[in-house]
Structures are given as structure tokens and as C-alpha cells.
Amino acid sequence: MPVFYGRDIASPLMLGTAQYPSPAVLAQAFRASNAGIATVSLRREGGEGQAFHSLIRDLGVTVLPNTAGCHSVKEAVTTAHMAREFFDTPWIKLEVIGDHDTLQPDVVALIEAARILTADGFQVFPYCTEDLSVCGHLLDAGCRVLMPWGAPIGSGRGLNNPYGLRSLRAHFPDVPLVVDAGIGLPSHAAQAMELGYDAVLLNTAVARAGDPVAMARAMALAIEAGQLARKAEPIEARDMAAPSTPLMGMAVLG
Amino acid sequence: MNIILNGERRQVTGPTVADVLAEIGLGTARVATALNGEFLPAGLRSATTLNDGDALEALSSMQGG
């Protein structure tokens, strides 16, 4: 099971709290998923924030606040400070968005914000790309977890660059790695775990499914399957067939 | 005085941030605050006086991915 900044988490599934059809479905989906971590945001208090905070507290999971929607270092750092006080945690999922259409991270601003926050005692979970040098700079900045995207947030496209994600895993064998964003199907989540990732963070794939509770369970099972498969050392793919049934002892019939 | 509270112009009495939060019904609510784009820790709200035109943000826990 994943260990983030010295804290053991009971499940490799990290689940977002947005876009559910109702608070009750959100709570049921969390129970069905056994997720160990819930991501949340900070937004202007319009009257519903207090009840939502109680709902999240009652889930009994570890809370990971995000800086979603931030486009600059300043915005992200200020949001992180507000989140640390509000949620009473040094953990922050650091998002600094660089492009409106793809919501891809501004990796230059991300590295700078990560450096500032780490120096200030935060434990940063950077939403990043799978670029090796960017990830190296994030580690140099003090990050002890990396969260590369699978595909753009909410796109449900799965792992766009399995080669890059595999390469990242091989490059940083001891760093906890999380595929964050882009998951659409349980098979995508299983693939991330088969690649040796420590956890998967997803939201839309569950919250916007026709039956979020059933999809939450499906994701949990897929993640468990992928994790088991990784430990079981899968065979290498090959181009030519290799008969699994022995030829020895076969009768001559033709 | 007139301030921008969570993006909307609003007339408040104040004079401190803590006074304004109480005035708008958030006196006992759990919120995080920022004044003119800078984080304002909870412990400084009573000692921080607002000026005309200040932008105050009061945030709370919301859905997030």
C-alpha cells in the first residue's frame, strides 16, 4: 500500500469529491471504493461549505486539498496556505494550470511553487507531466511524491503515454508515483498499477458514471487486480505464438 | 465602508476582518481568509482593520478532484 510522506495509506485508490449527483451518492461511492484519500478544494463560502466539510470528515479518509484552477505561482501558493489552515494538513495537491483546453500543468510554475511550498513546510503532491527532467526538478524542489497525468483531466482517455509512464517508474524506482487524471475505465486504472504505480487518483470516471457507486467498486477491484498482477511478475509480450499445450505425446491422426 | 467580499461589492461596518465575518454570518463558520490576494491567518483577523476598497475572500471546503 502507498506511503506518502511517511504516512501509510490503506488503499491505492485516491478519489475526488466533485461532480457526484448528490452528497449521499458521494458517500456511498467512497464506501464502495474503500478509497484512502479524498481530494477537496477551497472555494468561496456561499453557505454550503460547512455541511460539505462535515460530509468529508464523516468519510473517515485522509484529506488532500488541491489548488485546482490556479494559473500562477502566487495563486497556488496563497491557496495552499489557506488550505493548510482550513484542513489542518501540510499536504497539498499542487496544480498550476498552463492551458485552458487541455488543463495541462504549467511545469515551470509548478516547480517554482513546489520549491516555495516545500521550504515553507508543505508536503507537496505535484500534478505534473511524465517528463523525466520535470519530475527530476520536482524532486530537487523537495517533492517526495510525483503525480503525472494519464491524460487531460476529465477526458477519460486512459494512459496516453504508457511508455513515458513506464520510463518514469524505472527512472525513479523509490519515489511514490500516482497516475492522476485521465482515467475513464477500470482497465485504465489496472494498467497504471500493472506499470508499477503506487496509486491512482481519479474523480470524473466515478462521479459521472451512470452508477457511480458500482463504478467506484469496479475501480477498486481493477486497482487491486493490477497491483496483484504487478507483484506476480507478468510475462513479456512477444510477436510469435508459443503453444501453451505441449506437443509431446500428440497422436498422429492425419 | 465598501469592500469586495468574495468578488461582490458590499457595504460593511467592520472595522476588522473578524467583525465583518461576524456581520455576514460567518462569525463561527470555518473559513480561510485572504485579504487583497494575501493569505490572512485566522489569528490575525481580529487585529486586521479593513479599508475602503479592500478585497476580502472567505473560502471553505468544496468539491474537488
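Computed from a prediction, not measured in an experiment: that's the story for all the values here. Each chain gets a letter, A, B and so on, in the order its sequence line appears, and its residues count up from 1.
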Chain A interface, residue from B/Gly25, B/Ala58, B/Ala34 that has the most non-hydrogen pairs under 4.5 Å | B/Ala58
Using ring pair (Phe, Tyr, Trp, His ring centres under 6.0 Å) as the criterion, list what pairs up with A/Phe87, not counting sequence neighbours.
-> A/His53
With a 4.5 Å limit on heavy-atom distance, are the side chains of A/Thr17 and B/Met62 in contact?
-> no
Check A/Phe52 against B/Ser61 and note the closest heavy-atom contact, atom names and distance.
-> CD2-OG, 3.4 Å
Could you check which of A/Ser41, A/Gly69, A/Ala83, A/Gly46 has the highest count of heavy-atom pairs closer than 4.5 Å to chain B?
-> A/Ser41
Quick one: are B/Gln63 and A/Arg43 in side-chain contact, heavy atoms under 4.5 Å?
-> no
Closest non-hydrogen atom pair, B/Ala32 against A/Leu42 | CB-CD1, 4.5 Å
Decide if atom CZ of A/Arg44 counts as having more than 12 heavy atoms of other residues, nucleotides or ligands within a radius under 6.0 Å.
-> yes
Return the option, out of A/Gln50, A/Glu48, A/Met14, with the maximum number of heavy-atom pairs under 4.5 Å with chain B.
-> A/Gln50
Could you check B/Glu57 against A/Glu45 for side chain to side chain contact (heavy atoms under 4.5 Å, CB included), going step by step and ending with a plain yes or no?
-> CA-CA 9 Å; B/Glu57 297 279 350; A/Glu45 173 58 282; over 6 Å; no
Region of B/Leu5 in contact with chain A, defined by heavy-atom distances below 4.5 Å | neither
A/Glu85/B/Arg30 salt bridge by N-O under 4.0 Å criterion = no
Interface moiety of A/Glu75 toward chain B, non-hydrogen atoms closer than 4.5 Å = neither
Around A/Asp88, counting heavy atoms of other residues, nucleotides and ligands shown, do more than 12 lie under 6.0 Å from its CG?
-> no
Just by distance, do the side chain of A/Thr39 and the backbone of B/Gly64 share a donor-acceptor pair under 3.5 Å?
-> yes
Heavy atoms only: give me the nearest B/Gly65-A/Ala18 pair and the separation to one decimal.
-> N-CB, 4.5 Å
Most heavy-atom pairs under 4.5 Å with chain B, out of A/Ala207, A/Gly16, A/Gly49, belong to A/Gly49
